[in-house]
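Contents: one structure, followed by commentary.
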Amino acid sequence: MQPSLEKLRKFFRLEHENGYANTAIIGGLAEMLGYWEGEARADGIQEEVIQAVVQRLRSYDGLSPQSRADALRGLWKRIGDTYPEAQQKNRPHPPSGPGQPQPQTQNQPPVESSRTESPRPEQPRRSESVPPQNRGEYKPRPAPQGRSEHVPGARTSATPAALDAKLTVLQGVGPRHAETLAKLGLHTLGDLLYYYPRRYDDYSQLKPIKELFYGEQVTVIGTIQSVHTRPIRGGKASIVEIIISDGTGALRLSYFNQPWLANRFKQGDAISVSGKVDQYLGRLVMNSPDWESVEVESLHTNRIVPVYSLTERINQKWLRNVMRQVVEYWAPAVADALPESIRNSARVMPLGDALLQVHFPTSQDKLRAARERLAFDEIFYLQMGVLRQKRDWKSVDARHFSVSDEWLEARLTGLPFTLTSAQQTALSDIRADLDSGKPMNRLIQGDVGSGKTVVAALAAAMITSNGAQAAIMAPTSILAEQHYRSFTTLLKDLLKPEEIRLLVGDTPESEKEEIRAGLANNTIKIVIGTHAVIEGPVQFAELQLAVIDEQHRFGVEQRAELRSKGTSPHLLVMTATPIPRSLALTLYGDLDISAMTELPAGRQPVNTYVLRPQERERAFTLLRGQIKDGKQAFIIYPLIEESEKIEARAAVDDYETLSTEVFPDLKLGLLHGRMRPAEKDDVMFKFRDKAYNILVSTTVVEVGVDVPNATVMLIEGADRFGLAQLHQLRGRVGRGSDQSYCLLIPTHEDATENERLQAMSESTDGFFLAEKDLQIRGPGEFLGTRQSGYASSLRMASITDVKLIEKARTQAQKLFEQDPDLSQPENTLLAEALGRFWGEGKGDVS
Ligand code: ADP
Ligand code: MG
């Protein structure tokens with residue numbers, strides 16, 4: 001173990017033995033920080049770990065002995081997550097409470113034998129009142145898997161430790177039930193508190209069937225009167241018809257061609273159905289509504305009833321009962337980590353109330369307020385973490401890189417074009433960052449075709465002209481190759497060809513060896529490649545700039561890994577996926593952003609048309625005309641199924657038809673995901689060099705490919721693509737000065753009305769389309785590309801809720817300005833909760 005960690009271990013141990021009186025060090029544990037920080041850095045301890053220690057110990061003195069115990073335990077666990085060896089060594093860390101560790105089972109009620117019909121929980125106890133020897137029953141929380149398991153800010157040391165108790169302490173929950181609940185990720189009482197209902201049945205204001213009207217979207221509840229199956233189309237298909245009634249009237253439900261449903265509906269059962277009210281032969285019906293069975297007795301509860309996700313062997317009613325006992329007793333006892341001042345100024349309800357109301361709402365208004373509070377916390381904690389991370393990044397020093405105005409002037413005049421003002425702004429942002437002495441963390445958010453590559457190349461030049469190295473990582477080898485060519489051309493006055501190298505998976509091993517050697521001895525200045533760039537043995541002599549293109553294609557680990565190849569190198573990430581404002585605020589709050597919204601001069605917006613499948617011939621005519629003028633075209637086929645193999649086959653088939661029947665006189669190339677990288681590259685290069693008139697492809701061309709002579713993008717099955725993807729594909733044309741065309745042909749005629757296709761024909765603005773996409777599809781698409789932890793830590797908050805995001809962000813910023821370390825007493829709980837929310841997560845969220 002590192003000496004600095006060993007030292008911590010000793011002091012923690014001593015502190016434990018002294019009953020957490022803060023006497024292990026004269027003057028208190030915080031006294032050691034002065035020298036410890038330096039020692040830890042010298043030991044090479046991760047900065048985040050150091051910061052965690054500093055944070056905790058700084059506020060240690062203000063904590064109660066119980067909170068101190070929790071704080072040290074949490075801290076040691078945090079250390080153990082990064083340095084497992086620290087944890088193994090003769091289990092030195094503070095045990096689970098101030099007293100002697102107790103066997104797990106002690107003091108637990110004999111659960112199985114003491115079950116009663118109406119389960120009662122143990123009395124809630126404030127932690128202070130619990131005698132130390134009773135604490136042993138509470139197991140320290142199992143190692144969390146990530147932030148997602150925690151509701152932000154909900155748990156602090158002032159929260160009763162009982163919330164960490166296993167579920168079997170509940171009467172009525174035996175080991176078997178506990179096992180079942182564990183499948184839902186529910187292990188402790190606390191987990192239950194934060195197991196939010198999947199939805200609610202609002203029996204307080206059910207809509208009577210009598211009052212339904214045509215076209216309305218509703219949920220109604222009724223009991224099943226009859227179930228009939230009726231053959232149609234001469235027996236080729238069938239319809240299941242169900243009549244439900246709620247005493248005010250009857251409603252017919254019909255399900256087309258799902259004969260098995262007939263057995264699932266039973267006369268007399270109560271079901272809730274949601275859907276659109278339709279009309280058939282003058283009567284109201286619902287066609288294939290969503291349905292769910294409900295308990296008859298709930299019908300008469302007259303209130304909003306939570307509906308939880310279940311697993312085998314437990315039912316709604318049982319779980320609801322368990323929830324009720326936990327929530328009613330424990331929700332009010334949870335410590336609210338959000339300081340009152342923030343609560344008041346954000347006008348959110350106290351946490352305890354929110355937890356109570358989110359499970360058992362007394363009204364729709366209360367439920368809304370509860371959800372808002374819980375969502376607020378999620379965004380607030382995310383923001384606090386992001387702000388802190390930004391500060392942490394800025395807290396280390398980085399090498400200064402400065403270039404003279406003359407130098408820059410010479411670079412710019414050497415370019416084949418004049419930079420747009422957006423490019424110039426981005427470049428001067430970068431120039432300032434590189435000279436700031438702090439690591440750059442900049443995101444260039446530039447629409448497709450806005451010219452990000454040249455900006456990256458100039459950034460790399462600033463680095464290499466000062467003797468250091470740059471690495472550029474792209475998601476595909478086609479793209480890496482393209483960058484390699486652009487870089488060598490753009491930087492030909494500065495670097496010799498052998499100083500810029502391409503490193504992709506396909507690079508022969510001998511050449512890889514040579515490149516690695518060159519990087520290690522600093523004879524290679526720029527390496528461009530795919531993830532091969534960061535693979536194991538690559539070592540850099542002086543990596544000072546890491547550029548990541550199409551960053552949404554990469555995982556967090558890969559970015560962290562690239563960064564780790566240098567000592568606090570400058571980082572530039574680029575994305576052509578425009579991020580809606582609300583998302584950028586939340587997810588990229590830790591990065592400085594340069595938005596490049598302007599396209600190079602002389603570009604004409606791509607004319608976009610949605611065509612009906614029958615109009616395909618028109619599309620082909622346009623395409624022929626362009627080719628006659630010496631232009632080239634893409635024809636894209638959709639992902640037909642979630643299988644690259646099938647997709648590839650479809651593309652192959654269509655390619656055959658197109659080249660033999662439709663365009664026998666033209667040269668067609670084929671590109672799909674099943675081809676080897678070298679084959680793909682070969683086809684791409686041939687297309688670029690005009691050996692093909694048309695490139696038939698699946699979406700592998702989507703990212704970054706730059707062939708300015710191509711003016712037609714024909715997309716088949718366009719309704720199957722997401723908006724962001726369509727926009728990316730369209731971005732492959734319109735890259736020269738000629739008018740370009742994007743032709744969208746959906747699978748079926750009906751789909752010409754498709755919202756996304758309409759949006760595409762309305763606008764070429766990536767930001768507008770991204771907002772639209774977010775509205776249409778929700779945040780999954782965007783979140784999935786960033787860090788899964790984010791997505792899953794937002795269980796309540798909606799990324800589309802700009803208002804809430806801004807509110808939480810404003811509050812977080814205000815607080816961060818006042819008390820960045822959260823060292824003031826009123827923020828102690830918050831500091832702990834924040835540590836809990838972020839501590840276990842990965843540090844790098846770039
Ligand atoms: P993206 O931002 O999509 O990565 P690229 O960097 O690939 O865009 O640039 C798209 C095309 O525009 C390239 O052919 C590039 O040479 C060209 N380009 C970049 N900047 C300018 C400019 N200021 N004026 C004219 N053409 C430019
Ligand atoms: Mg690009």
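Order of listing sets the numbers, starting from 1, for every ligand and every atom in it. Position 1 is the first residue of the sequence, and the numbers go up from there. Worth saying up front: this structure is predicted, and the values here are computed from it rather than measured.
- Ligand 1 has no nitrogen or oxygen under 3.5 angstrom from a nitrogen or oxygen of A601.
- Only the backbone of T418 comes within contact range of ligand 1, with a heavy atom under 4.0 Å; no side-chain atom does.
- The distance criterion of under 3.5 Å between nitrogen or oxygen atoms is not met by Q482 with respect to ligand 1.
- Taking all heavy atoms of Q423, R732, R735, R603 into account, the minimum distance to atom 12 (O) of ligand 1 is reached by R603.
- Taking a cut-off of under 4.0 Å to the non-hydrogen atoms of L419, the atoms of ligand 1 that pass are 23 (N).
- Every residue two or more places apart in sequence or in another chain was checked for a side chain to side chain donor-acceptor pair (under 3.5 Å) with S465, and none qualifies.
- The pair E806-R809 does not meet the salt-bridge criterion, since no charged nitrogen lies less than 4.0 angstrom from a carboxylate oxygen.
- Across all non-hydrogen atoms, the minimal contact from K438 to A398 is C-CB, 3.5 Å.
- Remark: R485 is positioned above the aromatic ring of F685, its terminal NZ or CZ atom under 6.0 angstrom from the ring centre and at most 45 degrees off the axis.
- Those atoms of ligand 1 that come under 4.0 Å of a heavy atom in T453, given as number and element, are 4 (O), 5 (P), 6 (O), 7 (O).
- Less than 4.0 angstrom separates some heavy atom of T420 from each of these atoms of ligand 1: 23 (N).
- Every residue two or more places apart in sequence or in another chain was checked for a ring-ring contact (aromatic ring centres under 6.0 Å, His included) with Y692, and none qualifies.
- A donor and an acceptor atom, one from each side chain of D738 and T711, are nowhere located under 3.5 Å apart.
- Considering backbone and side-chain atoms together, G446 places no N or O closer than 3.5 Å to any N or O of ligand 1.
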